[in-house]
There are 4 protein chains.
Amino acid sequence: MTAPLFDPEKPRDRLLSAAARLFHRQGYAATTVREIGAEVGILSGSLFHHVKSKEDILFAVMDRVISAMLDALRAGLATATDPRTRLRALISVELHYLHGPAADATGVLFHEWRALSEQRRAVLLDGRSAYFALWQQVLTEAQTAGLTTLDPTMLRQFLHGALAWTSFWYKPGGALDLEALTDQALTLVLPPLR
Amino acid sequence: MTAPLFDPEKPRDRLLSAAARLFHRQGYAATTVREIGAEVGILSGSLFHHVKSKEDILFAVMDRVISAMLDALRAGLATATDPRTRLRALISVELHYLHGPAADATGVLFHEWRALSEQRRAVLLDGRSAYFALWQQVLTEAQTAGLTTLDPTMLRQFLHGALAWTSFWYKPGGALDLEALTDQALTLVLPPLR
Amino acid sequence: MTAPLFDPEKPRDRLLSAAARLFHRQGYAATTVREIGAEVGILSGSLFHHVKSKEDILFAVMDRVISAMLDALRAGLATATDPRTRLRALISVELHYLHGPAADATGVLFHEWRALSEQRRAVLLDGRSAYFALWQQVLTEAQTAGLTTLDPTMLRQFLHGALAWTSFWYKPGGALDLEALTDQALTLVLPPLR
Amino acid sequence: MTAPLFDPEKPRDRLLSAAARLFHRQGYAATTVREIGAEVGILSGSLFHHVKSKEDILFAVMDRVISAMLDALRAGLATATDPRTRLRALISVELHYLHGPAADATGVLFHEWRALSEQRRAVLLDGRSAYFALWQQVLTEAQTAGLTTLDPTMLRQFLHGALAWTSFWYKPGGALDLEALTDQALTLVLPPLR
DNA sequence: TATGAATGAGATTTCATTCAT
DNA sequence: TATGAATGAAATCTCATTCAT
């Protein structure tokens with residue numbers, strides 16, 4: 001479901017992958033290019049044959065996730081027709097990115113947003129907007145279908161926050177697998193009939 | 001409801017307050033001690049008359065919020081008896097801290113957690129645990145009362161995430177006031193009967 | 001024998017005494033005026049009502065020892081007539097200052113000499129020269145009397161070094177008292193006949 | 001006899017050598033990393049490419065001398081059999097290090113000992129102990145052979161002090177060469193028969 | 001005299017980035 | 001491409017000293 005973001009064959013991708021790991025673990029500001037170099041097995045000076053700057057790395061990592069998530073969400077929604085299934089796809093994509101193979105990069109996208117310069121943020125905003133436009137659409141459908149009484153925009157923010165925050169506490173591989181977590185999140189938004 | 005965290009009479013408090021503002025706006029790593037000094041009207045060297053290090057400032061800010069939120073939550077729960085009201089108090093305290101006069105410091109507590117050294121994090125964890133123990137208790141009561149079917153621990157994480165995330169999108173002073181936002185969040189957790 | 005260098009009744013003397021203690025223990029450069037203040041029970045800013053600068057303190061401490069040692073040596077030599085006794089007086093004064101009540105100040109004089117600015121060093125050199133002129137005289141007498149074959153100047157340097165170094169290893173109050181140490185040093189310079 | 005401590009081909013060694021020179025001339029505390037950089041022809045920031053901290057430099061310098069002196073003393077004693085010759089080797093090694101090509105580093109080792117943090121001092125103490133164990137051994141032999149009546153430990157301290165102090169007054173290149181100085185020191189310890 | 005807040009110069013250190021080899 | 005030495009700007013922090021109260 002989540003295609004690998006980085007190709008281990010390509011040196012530049014190995015670099016991005018290692019950087020994402022460190023950025024996620026320690027934060028962007030707290031990670032030095034030396035550490036990135038060490039993680040990938042080269043010296044810091046050599047990094048700059050692959051990227052123009054440290055911020056470039058951050059940008060590239062985020063860009064990859066954004067595109068991939070957008071593709072994944074489109075694919076997920078393509079086969080889902082009823083509002084409940086579509087809403088589940090929304091959550092499922094988000095959680096698979098946050099905790100699957102792309103977890104590091106996704107965590108970076110969600111939590112290091114401010115480390116990016118404003119200009120670069122603006123560039124990424126396009127892809128991000130497209131992604132959230134799909135959310136908005138699905139949530140509006142849910143409201144129209146009477147599944148929720150909450151305003152779609154507000155529900156979007158609440159849900160996005162709740163899911164983004166899972167990266168601080170949810171550890172895959174435990175008792176609760178991703179599918180179960182997805183169900184729980186779905187329950188939060190669409191409680192069972194009473 | 002939210003007593004002021006910092007006393008403008010005390011130089012050290014002025015410093016902490018200014019630092020919280022900048023940390024919240026720009027992030028801890030992106031804020032220099034020079035900027036903090038400028039914000040409070042002294043030279044950067046003079047900061048260290050009041051604190052031992054930059055990290056000391058971060059720690060002090062967080063410590064203040066933690067104590068204050070704990071007090072506020074205790075006070076809020078003291079007068080609330082039925083599960084629904086108690087749950088509302090939970091949300092209300094959180095949102096008042098996130099968007100009221102203590103917004104900067106609270107934002108820092110929520111979003112700059114990782115900037116703190118591990119040892120210092122451990123010190124703060126005590127106060128934080130007491131706070132979340134109250135959450136756990138209230139949410140368990142709600143579940144017992146049949147207000148929700150979600151596991152209290154999971155509901156706590158979801159709700160905390162959803163609320164914490166509001167600091168990225170909710171701006172007080174707009175069409176939606178804090179009370180209304182609180183109601184919306186309450187609706188998310190306890191949907192109206194259908 | 002070693003009159004107290006500092007009068008505990010006088011605030012300035014208390015300050016000098018405390019500073020000597022710290023300078024001796026930690027070195028001049030490694031001691032801050034804050035620490036000196038703390039040691040004497042005032043804040044660092046208040047120090048400067050008693051002295052003009054930190055270096056002033058160092059200078060005053062050294063000045064006191066130099067005068068006192070000169071007086072003590074003169075007194076010690078006044079009653080000694082034969083070369084051996086006079087030589088013993090030389091050593092005795094030195095060791096009593098290095099390990100008696102004036103130990104801190106004397107240690108500072110011996111080992112923090114370079115921390116003083118060149119100009120101030122020059123000022124102190126006068127008193128110091130008078131002291132060493134006495135040494136030179138006594139050692140010359142000893143050579144004339146056939147007690148040693150070493151050149152007086154060289155012997156002076158060797159002996160002074162050996163004694164100065166005791167401040168790094170000799171601890172009074174142990175098995176070896178000051179008199180015994182003095183005898184040992186005397187044995188070094190004037191070995192028993194064989 | 002005294003193999004060069006620092007290899008001028010290696011940047012790090014050039015740095016250590018320059019630092020030793022400055023530390024010896026001005027003292028560790030009074031020397032800035034800027035000066036060290038200037039002395040070696042790089043900017044101060046570049047120093048930290050080669051060492052982790054200023055104290056690191058001090059440590060490295062001392063470590064080098066300690067190892068080299070230990071080797072030199074072992075070599076010097078290896079060919080010396082009779083107690084007098086062995087004692088002369090002791091003094092000779094010390095004086096050659098104090099005034100030969102390694103003078104700066106040795107002076108730093110002897111006189112800036114306290115500038116090192118306690119932990120680091122402890123690390124160096126091992127090598128230093130081995131060196132002084134050889135002294136102790138040789139001086140004990142001398143005592144056994146009836147060359148001196150002084151306790152070996154005390155003689156060691158006296159002699160070490162007397163020699164260490166030469167770095168404050170003896171200037172090679174004058175009328176008295178190193179061999180002559182060595183003989184004088186030997187005379188101090190083992191006076192000619194009378 | 002004492003306080004305590006502030007100064008301001010300067011110290012060490014960090015680190016992304018460059019560049020000759 | 002990789003290395004490793006160096007840059008240089010800027011960061012945090014130290015600390016003797018001043019001064020209004």
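To find a chain, count down the sequence lines: A is the first, B the second, and so on, and within it residues start at 1.
Across E:dT1, F:dT1, E:dT7, the shortest atom-to-atom separation from the side chain of C:H50 is found for E:dT1. In the set E:dT3, E:dG8, F:dT3, the nucleotide with an atom closest to the side chain of B:L43 is E:dG8.
Between the CD atom of A:E35 and the P atom of E:dC15 there is a distance of 8 Å, given to the nearest Å. One atom, CD1 of A:I57, and another, P of E:dA16, lie 9 Å apart when rounded to the nearest Å. We find that CD1 of B:I36 is positioned 18 Å from P of F:dA10, with the value rounded to whole Å. Protein atom CG of D:D13 is 15 Å distant from nucleotide atom C1' of F:dA5, rounded to whole Å. When the C1' atom of E:dT1 is taken as reference, atom CD1 of C:I42 falls 9 Å away, rounded to whole Å. Remark: C1' of F:dG4 and CG of D:L47 are 16 Å apart, rounded to the nearest angstrom. At whole-Å resolution of the value, CG in A:L58 and P in E:dC15 are 17 Å apart.
F:dT21 is paired with E:dA2 under the criterion used here, namely a Watson-Crick or G-U wobble arrangement in which both key atom distances are under 3.5 Å. Pair check for F:dT7 finds E:dA16; Watson-Crick or G-U wobble, both atom distances under 3.5 Å.
The ring pair (Phe, Tyr, Trp, His ring centres under 6.0 Å) with B:H111 is formed by just one residue from the set B:Y28, B:F23, B:F168; it is B:F168.
Between A:R120 and A:D63, none of the side-chain N atoms (NZ, or NE/NH1/NH2) sits under 4.0 Å from a carboxylate O, so this pair counts as no salt bridge. Looking at C:R114 and D:E112, a side-chain N of the basic residue comes within less than 4.0 Å of a carboxylate O on the acidic one, giving a salt bridge.
With C:R34 contributing its side chain and C:S44 its backbone, the two residues share no donor-acceptor pair below 3.5 Å. Without hydrogens or angle criteria, A:K52 side chain to A:I57 main chain gives no donor-acceptor distance under 3.5 Å. A donor-acceptor pair under 3.5 Å is absent between the side-chain atoms of A:S17 and the main chain of A:D13, judged by distance alone.
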*asked:* For nucleotides 13-18 of chain F, give me one character per nucleotide, 5' to 3': B if any protein heavy atom sits under 4.0 Å from the base, S if the only such contacts are to the sugar-phosphate, - if neither.
replied: BBBSBB
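Checked against ring pair (Phe, Tyr, Trp, His ring centres under 6.0 Å), C:F59 has no partners two or more places apart in sequence or in another chain.
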